[in-house]
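One structure below.
Numbered from 1 within each chain, the chains take letters A, B, ... in sequence-line order. Predicted model only: the values in this text are computed from it and were never measured.
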Amino acid sequence: MSEAVSSLQSAEFEGLARVAEAGLQGMITLRGDLGARAVRAAVKAAFGVDVPDVNNVASAGHMGVCWMSPDELLLLCPHGEAEAKVAELGTALAKQHHLAVNVSDARAMFQVKGSGGREVLGKLCPLDFAPGKFEPGQIRRTRMAQVPAAVWMDGVDTFRVVCFRSMARYVFGALKAAADPASGVGVY
Amino acid sequence: MLILTCPYCGVDADETELTPGGEAHLTRHGPGSSDDDFHDYLFARDNPRGVHFERWRHTYGCGKWFHAARSTDTLEVFGTYPAQTTEPPKDICDKISGERPGWSWRIFG
Amino acid sequence: MSLRLRDGGRLIDRSARMAFQFDGRSLTGFAGDTLASALLANDKMLVGRSFKYHRPRGVVASGAEEPNALVNLAQGGTFEPNQRATTTELFDGLTATSQNHWPSLEHDIGAVNSSLARFLPAGFYYKTFIHPRPFWKHIYEPFIRQSAGLGKAPKDRDADRYEHFYYFCDLVVIGGGVAGLQAARVAGEAGAKVLLLEQSAHWGGRAPVDGGEIDGRPAEAWVTDTLAVLEAMPNVTLRSRCMGAGVYDHGYLLAYERLTDHAPQADGPRHRLWRIRTQQIITATGAIERPLSFAGNDIPGVMLASAVRDYVVNYGVAPGQRTVVVTNNDDGYRTAICLKQAGLDVPRILDARETGGGALMEEARALGIRIDCGRAVGKVQGGKRVKSVQVCAQKGSGSALEEVACDAVAMSGGWSPVVHLWSHCGGKLVWDDVQAHFRPDADRPPLGRSGQGFVAVAGAANGALTGAVADADAMARGVVQAIGLKPGKGIAPAETQPEELPIEPVWLMPAQAKTELKAKAWLDYQNDVKVSDVQLAAREGFESVEHTKRYTTLGMATDQGKLSNINGLAILSDALGQPIPQTGTTTFRPPYTPISMGAIAGEARGDIFQPVRETPMYGWNDSNGADWEPVGHWRRPYAYVRSGETVHDAVMREVTNTRENVGLLDASTLGKLIVKGPDAGKFLDMLYTNMMSTLKPGRCRYGLMCTENGFLTDDGVVARIDEDTFLCHTTTGGADRIHAHMEEWLQTEWWDWQVYVANVTEQYAQIGVVGPKARAVLETLGGMDLSAEALPFMAWADGKIGAFDARAYRVSFSGELSYEIAVPASRGQAFWDALLEAGKAHGIMPYGTEALHIMRAEKGFIMIGDETDGTVIPQDLGLNWAISKKKDDYLGKRAQERVHMTDPDRWKLVGLETVDGSVLPDGAYAVAEGTNANGQRNMQGRVTSTYHSPTLGKGIAMGLVKHGPDRMGEVLEFPGTDGTVFKAKIVDPVFYDKDGDKQNV
Amino acid sequence: MKRYSAFAIAREALRHHSGWERAWASPEPKRKYDVIIVGAGGHGLATAYYLGKNFGITNVAVLEKGWLGGGNTGRNTTIIRSNYLQDASAAIYEKSRSLYEDLSQDLNYNVMFSPRGVMMLAQTHHEVRGYQRTAHANALQGVATEYIGPERVKELCPIICIDGPRYPVLGALWQPRGGTARHDAVAWGYARACSAMGMDIIQKCEVTGVRSEGGKVRGVETSKGPIECDKLGVVVAGHSGVLAEMAGFRLPIESVALQALVSEPIKPCMDVVVMANTVHGYMSQSDKGEMVIGGGADGYNNYTQRGSFHHIEETVRALIETFPMISRLKMLRQWGGIVDMTGDRSPILSKTPLEGCFINCGWGTGGFKAIPGSGWGMAQLMATGASPLTAEFSLDRFKEGRFIDESVAAGVAH
């Protein structure tokens, strides 16, 4: 049987930072009352981390939970486990009004790695990426050039970017342009 | 470039992350309503030169609709608040009255 | 003549020669020169021609305010018109040409305008060229356009790239002069995050040229020290060659960084546009010297006094060997002193003030310079360069007392603060009578989000022509507190400058200048606006300063009036007999100086001009003949063109093959929205015109959505997944729009309803397998039971097809046996390949959107965007069957009850068939008898879609016709745009398989 | 009033232009007028002019809170066209365009109407169909337009890139007699002509209230005192809501900022007006040589004449794609104007709930081109109570659901 493929099949570019499509990634959208005990318990049980605060991410190994909205989380897991996790949440939340759906293939993920990462993203998103203003653990849904994206840090100099799958080539192009080795800004 | 604070996620978002949605606190009129009421609901707008209550969506952020009280002549923002309400919060109205004596909400009632 | 001095020039490196070209002549300059200083060093006094009269123009200033020295720079993909020589850093290999002349700079035919000047006063074109009518467009206008326009138009595609950068800070200080440096220092020491911007390549502004001491040290030394202090502060960022371009509301600031203009060979972006959000802004943008308005003040060699000493001190260039200095203030003396000290001749200082000036005058006199007080320039003699000046009494009408030979004139009319950035967002100005200029009114600043001021002004820009550092220090302390920080203890550095006596405003020189002198006294050098023009405007009733500006074009040149505005409105005020503040200023608009369009567009060019949204099969489609059709940001194959085929051939082939064998459609762009919750059914009943809550799990139903204003906005098939979950399909353009529509109603109107929505459009590759052999193809792959019994029409089921997890929808938009199969996007291409393989034996072929459209038209199915255009309601399209009578409400229901919506005369959907089988023109209208009250031909219908149907071998169309459904068989006339008239019969819109047998097997 | 001509200029030149008289008088208001027009912009002045010219009503005052022509008349991108889809729009805009043809002669003031041609690019199949439909409609409406192919587009405007990878030019709707005019001159020309007919144009006179009795208008309160009138015309683009509030009714209008910009002047390189609606940009070259570029409108209510930068960004970005050569031009100046947006984006020329009070507003982004036609129709409406040009644009259309929607053919109102 054929292998599943990600949007850009791990294309990468080396510049002010290393920009790489991160390959297949399990992603689940969960909508529900994030304050409800049942929801928090179900997330903890399935992903091993607590529901994070507003504009934060929590992760443990391959599992992660991203705050997206007052009633929405983006749950991260290995690509192959997404369907099972959706089912697990469905069972756990059977009595709770919620919506859990596999969006792994509806999204693309990029990794922007290196000391130039803050500047690269600072050319495309209307956010303050200054050290101290944006740090590991924080997440922002924002505008990346002309498309929506979610951005967070999962290491001192590593950013994760999630966008719609259909826009992956555009986002990669924009990140490459921003990472042009001769375009350093020199403020971070 | 307007900068508004989303009351849901606390982000100070610039206009490019937001979508404007026109006058806030309109009452929906459906089947059974008079022609006048339906017309006013869809089309009649306050459009004041001054304090305006309006709808915005944090489109590129948390995706939530919220309301803003803003001056259309100075662009001062008096406050933002969640959209799940039928009238502006008292503290914002008080703030506006404080700054603009004689101001009251809903000239056209 | 102008020349390079043997020594001096603090900014140039005499060891680094730079070769450049001007009008084809090879010249040399030094590293650190501007193009202007290099041209002057080569005795290029004449550098351009004015806009209207094509008068000879020379360098008049030394910075951003320069109106004259504009050149065409470089060529090909790096060509740029109207480059300001005074702000263009010289680089090796620079090529420039002068502008606005023919055939040459020296001999310009257009200069005839100059001798006709008195026949071409302000606004003359409003009063003539009126008859005969066609002459304006064909004779007069082309002439005027040709003689205007300055630089050449670029021809080639821009070879450079650009970028934006978003930056956040507490304070931006604009201007790297001594005031800006001190302001940044104060804020930096208080711990604020500061960005300091300087438009030029150098720090310190005018101070190093103008002299004086700060903290007991020469200004230049103080600048060096302070820079070092700032550079050591981690919370302060310094940026040169970066101009504060525009202040926007809520503390948004654009800064324009020129990265490679001075080194075009360098890699990387040419310009970077900084999009800055800051709490506070301090503009320390200095002041600009005003010219004096005397006859012949536009002749090459007449320059601002400050510019003259800039060229001497900064570049070791002398604009002239014998320079007459004319001034109405003490500052002008600095130039005389500087020239004398450089060993140059200063035959006269003409001081318009009867009693002259203070310490600087004494210093000049001590140097042996002759100073005549109460004197003025009556007239400058010369053509393409200055020959002499006629001296007269300032109080008189201009009769010459003596004539002084010279080759340059340095004029100083006083200083005007640069208030542009303060004013962009509404900061108000106040007239300062003592210094004779407008300066910011600190009590009326531009207001920010909180209703508090967010811009402050420091130094000369604030009117502190002396004591700029102290002013900046005080201003910065206030701003630091506004940011919520505590300013440090430090005390403002002491400044020692010679005592100056007050300026005496001189708006016209001499005061009673005769008419013919006023007609030669320039206000706006580039646009050729003279004192007499402004007086004429006032006389004709153009009393508002905005009227005068527009009537005379004063201040509308590329310098936006940096030199001319104050002098102009002073003349206007005088003509109106009212004080200057009552006249007021014109509006200041961004940018401070022009910025490149490329920088504004940023990275968005070429491949990343806009996103192109790709389906999982995009690559395959692209390499298999897809003729792309943009649909929103998506691209869909219009048809798959094979070699030797036209697009039309391909479309016909695809339709026929799908009807006879089997076709494959990439339907992945169709929107897919999951709607879940206890109230999901109730919610969808409000969104769709028909009843969705009664749909059974496992079944599909076609639904219509209207706006609250009643118009049809989207349609699609809804599948019920389980008791409280629905999957709603939308049109390709509809996914994001309808998703937002649902969220809006849930969040802002029915927030107590328990419904969640998620957009899963891109999770799936959705593929239509369409045609009589569709089932056979799928069964070849094996897997789930897709028989009519197991999966009847309008049902769906989950299962496996071959190795693929799939959801199969038994729906048809073509009238054929048809399955829409959704598989995870990550396996979309693989599934597509498998289908092609399995379909080989059955003649499978992919088909595009046009074949899709034709097949749906043959079946009489409407298409959103074809049959609908935002003015059509479902009732117009005979879709009443899809409008629930049981529901007492749905979005659009009330709107559809309005009188015009229920009007029986509304045009209704019918089929149209030309009597001769030809294809009706798209968008054609059916005419009725007579004309309306406005003399327009009456109409009774229009074509909404029209195609050649390969299936039926003739043209078929749908249209909206008045009382259409009741007029079956009637023949209507549709005039084409080429005179031909098409006759078409009204028929049933379903042309093919009316009973639906084929889709139902 | 002295006529303007080349001879007059020559005569004046000999005496240094000392003999030119005021272009328009600047009187104090009288106690009462037959008609008061509020707003001395193009539409207000044109209304007054045709009241006098076509109906002999000259006891008219035009009140202006600032300086005449200082609103959108002086801030627009001067495009003149009538290639609209709907009958009502085509009628009033074509009437307007045809009046522009002779306006300079009619007013004895050169408004520099330049029928250089307007083309609206079709860059998607949807636009192709929309413009073909418009061309068919125009043929029946007496509007001379044609649908042309990409080669013709390139021929008419060589600086266009017709095979851009993203949005190739598939064709265009071409109106050869569309064009531009000198916007300020239109206001000044009408003002001079009104003044010559004895009308009072009163600047710096702000209306602060509307007087009525028994549901009928009686006059206005102004910063120069009360002034009586029998009929009142409110023609104050951008501030109609404020005036309507004074008169006690509400309008289906929101006031937003619309932006525009110009480049530095360059030698002639573009002899037509081009509108590219897919990418939301339009451009022409002024007689001074500036590329005049129309930007987008903000989506929120705004009475400052400033807009948001990102609209400029989007417009310039798009135009560079269609006109690559402008990338190396520089933006000289950007500005904003306040425009009235109605529920269907078409204007309102109508009676109001207050008897004797008429309103002309809601021109959105398209007012300049309509000035003569709007004035013509409005004058007829105010003088006779009805005009075929304005009939469809009445206020009650919103209640009846009888909209005039131009967006359907991908057309925009610029």
Side-chain angles (χ1 to χ4, degrees), chain B residues 1-5 8 12-17 19 21-39 41-43 51 55-59 62-80 82-86 95-96 98-100, chain C residues 164 166 168 246-254 275-279 425-426 445-454 590 686 707-710 736-737 739-753 757-759 887-901:
Chain B
M1 182 71 76
L2 300 187
I3 295 165
L4 302 174
T5 306
Y8 293 95
D12 286 343
D14 83 36
E15 219 179 302
T16 67
E17 294 190 285
T19 309
E23 186 175 338
H25 304 305
L26 298 172
T27 308
R28 177 171 187 259
H29 290 274
S33 60
S34 72
D35 284 354
D36 286 335
D37 285 346
F38 187 68
H39 166 271
Y41 155 55
L42 276 194
F43 298 109
V51 182
R55 312 184 320 140
W56 288 85
R57 187 182 185 206
H58 193 189
T59 310
C62 68
K64 293 303 179 195
W65 281 92
F66 64 90
H67 291 345
R70 185 179 61 87
S71 164
T72 60
D73 50 8
T74 66
L75 303 191
E76 174 178 358
V77 178
F78 303 104
T80 58
Q84 292 74 36
T85 172
T86 53
K95 178 167 188 256
I96 301 169
E99 287 185 33
R100 309 203 169 192
Chain C
H164 289 177
Y166 297 88
F168 295 66
V247 173
Y248 297 80
D249 292 294
H250 288 192
Y252 204 80
L253 175 77
L254 288 187
R275 307 174 67 161
I276 302 161
R277 274 169 58 176
T278 181
Q279 291 188 53
C425 278
L447 302 180
R449 287 169 77 186
S450 60
Q452 305 301 313
F454 71 98
M686 283 302 295
T707 63
E708 185 71 313
N709 201 15
D736 300 331
R737 184 168 50 89
H739 182 208
H741 177 64
M742 288 180 172
E743 281 294 340
E744 179 176 354
W745 284 97
L746 284 171
Q747 289 180 38
T748 65
E749 187 68 27
W750 303 309
W751 59 78
D752 52 342
W753 294 12
V757 181
N759 182 351
K887 296 194 296 186
D888 49 21
D889 194 6
Y890 61 81
L891 296 183
K893 185 176 175 45
R894 174 62 182 85
Q896 290 161 3
E897 293 166 356
R898 290 173 298 189
V899 33
H900 184 63
M901 300 277 186

Region of [X] that comes under 4.5 Å of a non-hydrogen atom in chain C:
{"X": "B/Phe43", "value": "side chain"}
{"X": "B/Tyr41", "value": "side chain"}
{"X": "B/Thr16", "value": "side chain"}

Could you pull out all residues at least two apart from C/Trp753 that satisfy ring pair (Phe, Tyr, Trp, His ring centres under 6.0 Å)?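 For C/Trp753, the residues satisfying ring pair (Phe, Tyr, Trp, His ring centres under 6.0 Å) (neighbours in sequence not counted) are C/Trp750.
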Going by the rule ring pair (Phe, Tyr, Trp, His ring centres under 6.0 Å), which residues pair with B/His67 if we only count those two or more places apart in sequence or in a different chain? B/His25, B/Tyr81
Do [X] and [Y] make a side-chain contact, defined as non-hydrogen atoms from C-beta onward lying under 4.5 Å apart?
{"X": "B/Leu42", "Y": "C/Glu708", "result": "yes"}
{"X": "C/Leu746", "Y": "B/Trp65", "result": "no"}
{"X": "C/Glu744", "Y": "B/Arg57", "result": "no"}

Given heavy-atom pairs under 4.5 angstrom as the criterion, report whether the side chain, backbone, both or neither of [X] touches chain B.
{"X": "C/Asn709", "result": "both"}
{"X": "C/Gln747", "result": "both"}
{"X": "C/Gln896", "result": "neither"}

Could you check whether B/Asp12 pairs with C/Arg449 (Lys NZ or Arg NE/NH1/NH2 to Asp/Glu carboxylate O, under 4.0 Å)?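 So B/Asp12 pairs with C/Arg449 through a salt bridge.
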Residue-level interface, residues 28-38 of chain B with chain C, non-hydrogen cut-off under 4.5 Å: B/Arg28, B/His29, B/Gly30, B/Pro31, B/Gly32, B/Ser33, B/Ser34, B/Asp35, B/Phe38
Look up atom [atom1] in [X] and atom [atom2] in [Y], then write down how far apart they are to the nearest 0.5 Å.
{"X": "B/Asp14", "Y": "C/Phe168", "atom1": "CG", "atom2": "CZ", "value": "7.0 Å"}
{"X": "C/Tyr248", "Y": "B/Ile3", "atom1": "OH", "atom2": "CD1", "value": "13.5 Å"}
{"X": "B/Thr74", "Y": "C/Leu447", "atom1": "OG1", "atom2": "CG", "value": "6.5 Å"}
{"X": "B/Gln84", "Y": "C/Trp751", "atom1": "CD", "atom2": "CH2", "value": "6.5 Å"}
{"X": "B/Thr59", "Y": "C/Asp736", "atom1": "OG1", "atom2": "CG", "value": "11.0 Å"}

Hey, which of B/Arg55, B/Glu99, B/His39 has the most heavy atom pairs under 4.5 Å with chain C? B/Arg55
Tell me, out of B/Leu4, B/Leu75, B/Thr19, B/Thr86, who's got the most heavy-atom pairs with chain C below 4.5 Å.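 Result: the option with the highest number of such pairs is B/Leu75.
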Partner set under salt bridge (charged side-chain N to carboxylate O under 4.0 Å, His left out) for B/Glu17, not counting sequence neighbours: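 A/Arg140.
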For chain B, which of C/Arg894, C/Glu749, C/Arg898 has the most heavy-atom pairs under 4.5 Å? C/Arg894
Apply side chain to side chain contact (heavy atoms under 4.5 Å, CB included) to C/His250 and B/Glu15, showing your working. CA-CA 10 Å; C/His250 288 192; B/Glu15 219 179 302; over 6 Å; no
